[in-house]
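Worksheet for the structure shown next.
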Amino acid sequence: MQIVRTLAHLRQVLDDLNSKGASLGFVPTMGALHAGHLALVEEARAQTGVVICSIFVNPLQFNRAEDLARYPRHEEEDLALLKPAGVDLVFMPEVGDLLGGGWEPPMYDLGGLDTVLEGAWRPGHFQGVAQVVGRLLDLIPCTDLYMGLKDYQQCLVVQRLLDLRPGQQPVLHRRPTVRDAMGLALSSRNLLLSAEDLERARGIARTWRWMKEALAPSLSGAASPMGAASTMGAASPMGVVPLSPSALIEGGLHRLEQEGLRPEYLSLVRDGTLDPWSGPADYGLPRALFAGWLGSVRLIDNELLAP
Ligand code: AMP
């Protein structure tokens, strides 16, 4: 496994790799690696001839300086995880090298995907993501790009970035979220949580379970033809009253608060989009998106609420 820290060295190593003509899988990360990242690497390893992983804490995507300052950095442990995973090259550039040298971050038209939900709460975040992913893709001519659905909105933004870029672009592979045994989505930011807050964070998964159960009768076709109602799954003489999106969100927010979280948002979108999910009569399935706080740590998660 080669460890490359400068752009000059990267160019030189890529020349060697390119001459082998293999497909190239790329897994961009911000380090503090866990099994979620390794699942991306594993898929890249299984599907492509050469696997590159980058570790770069991208300052352009942080809208709060203190968040950037305390983002976990575990270089040695990360390298120890990547080596047995079969990564060929780890790219870990310095900020000044990757983003300096006269490089000007382009402003992308992300079609509004960057200004709602996460984008509304973290202004500029997705421009920063797109700029650095674009920069990395300029340097690393991969055939396959691997990202996690843990960052669902980011996957949509990066697909948009690929659509905007000229020429042949890599295929974006979106992997399901890796969770611990209690359903907590693995995240580098979990390292910043106390034991009590980790337990509270598992309340997100409990809320997903509750939302799925509340919605199941409506989605399984047992719903009455009465249209959306605000009663949650209540039995009626005609069967089960379909759950309205607003009732489901209200119930979910209540549970998250009871679990000790401070939600910023809980939203339902039609899966594959950021369009609001309009209820069981909608042709798509609902995906729930959450962001919220435990103490000074901000967590995000999302889940498809399919039966
Ligand atoms: P990050 O280091 O947090 O920027 O994440 C790097 C990549 O790993 C992104 O594509 C994330 O969506 C993905 N990722 C992070 N956590 C998980 C997880 N629990 N399961 C699957 N993928 C993840």
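Since this is a predicted model, take the numbers as computed values, not measurements.
Residues His9 and Val13 form a side-chain contact, since some pair of their non-hydrogen atoms from C-beta on lies under 4.5 Å apart.
Here CD of Glu104 is found 10.0 Å from CD of Gln131. Values are rounded to the nearest 0.5 Å. Remark: Leu256 CG to Arg200 CZ distance equals 14.0 Å, nearest 0.5 Å. Here the straight-line distance linking atom CZ of Phe290 with atom CG of Leu253 works out to 9.0 Å at 0.5 Å rounding. Once rounded to the nearest 0.5 Å, the distance linking CE of Met211 with CG of Leu248 reads 4.0 Å. Here the straight-line distance linking atom CD of Glu77 with atom CG of Leu33 works out to 10.0 Å at 0.5 Å rounding. Atoms CD and OG, on Glu66 and Ser296 in that order, are 8.5 Å from each other to the nearest 0.5 Å.
A distance-only check finds no donor-acceptor pair linking the side chain of Arg206 to the backbone of Met182 [under 3.5 Å]. Panel note: side chain Trp277, backbone Gly284; a donor-acceptor pair is recorded below 3.5 Å. Looking only at distances, a side-chain donor or acceptor of Asn302 sits under 3.5 Å from a matching main-chain atom of Leu149. A donor-acceptor pair is defined here as one N or O able to donate and one able to accept, closer than 3.5 Å; such a pair exists between the side chain of Asp88 and the backbone of Val51. Between the Lys150 side chain and the Ile300 main chain, a donor and an acceptor come within less than 3.5 Å of each other. In this structure a side-chain-to-backbone donor-acceptor pair under 3.5 Å is present from Ser188 to Gly31. A donor-acceptor pair under 3.5 Å links the side-chain atoms of Tyr152 to the main chain of Gly272, judged by distance alone. A distance-only check finds no donor-acceptor pair linking the side chain of Glu94 to the backbone of Thr6 [under 3.5 Å]. Distance alone, capped at 3.5 Å, places no donor-acceptor pair between the Ser54 side chain and the Phe56 backbone. Using a distance-only test at 3.5 Å, with no hydrogens or angles considered, a donor-acceptor pair links the side chain of Arg135 to the main chain of Leu98.
Side chains of Tyr283 and Arg270: a donor on one and an acceptor on the other come within 3.5 Å. With hydrogens and angles left out, the side-chain atoms of Gln159 and Asp163 include a donor and acceptor closer than 3.5 Å.
Comment: Glu213 does not engage Arg255 in a salt bridge, judged by the lack of any side-chain N to carboxylate O separation of less than 4.0 angstrom. In this structure, Arg179 pairs ionically with Glu303, as a charged nitrogen and a carboxylate oxygen lie closer than 4.0 Å. Here Asp109 pairs with Arg160 in a salt bridge; the nearest charged N to carboxylate O distance falls below 4.0 Å. Residues Glu264 and Arg122 are not paired through a salt bridge, judged by the lack of any N-O separation under 4.0 Å between the basic side chain and the carboxylate. A salt bridge links Arg202 with Glu199: the distance from a Lys NZ or Arg NE/NH1/NH2 to an Asp or Glu carboxylate oxygen falls below 4.0 Å.
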Given side-chain contact (heavy atoms from CB on, under 4.5 Å), test Val157 with Tyr108 step by step and report yes or no.
-> CA-CA 10 Å; Val157 165; Tyr108 289 106; over 6 Å; no
Take Leu261 and Thr207, measure what side-chain contact (heavy atoms from CB on, under 4.5 Å) needs, and give me the verdict at the end.
-> CA-CA 11 Å; Leu261 289 131; Thr207 303; 5.9 Å; no
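In terms of hydrophobic clustering, with Ile, Leu, Val, Met, Phe, Trp and Tyr side chains grouped at heavy-atom distances under 4.5 Å, Val158 and Val171 are assigned to different clusters. Following chains of ILVMFWY side-chain contacts shorter than 4.5 Å, one cannot reach Ile52 starting from Ile3, and the two form parts of different hydrophobic clusters. Transitive grouping of hydrophobic side chains (ILVMFWY, heavy atoms separated by less than 4.5 Å) keeps Val297 and Phe62 in distinct clusters. Hydrophobic clustering of Ile, Leu, Val, Met, Phe, Trp and Tyr side chains at less than 4.5 Å, counting indirect connections, keeps Leu14 apart from Val27. Cluster membership check: Met30 does not share its hydrophobic cluster with Phe91, using side-chain heavy-atom separations under 4.5 Å among Ile, Leu, Val, Met, Phe, Trp and Tyr.
Leu24 and Pro141 get closest at one heavy-atom pair: CD1-O, 4.1 Å. Closest heavy-atom contact between Ala39 and Arg175: O-CD, 3.4 Å.
Between Tyr146 and His173, the two ring planes are parallel [angle under 30°; tilted spans 30° to 60°].
Arg287 pairs with exactly one of Asp275, Asp271, Asp301, Asp282 by the salt bridge (Lys or Arg N to Asp or Glu O under 4.0 Å) rule, that one being Asp271.
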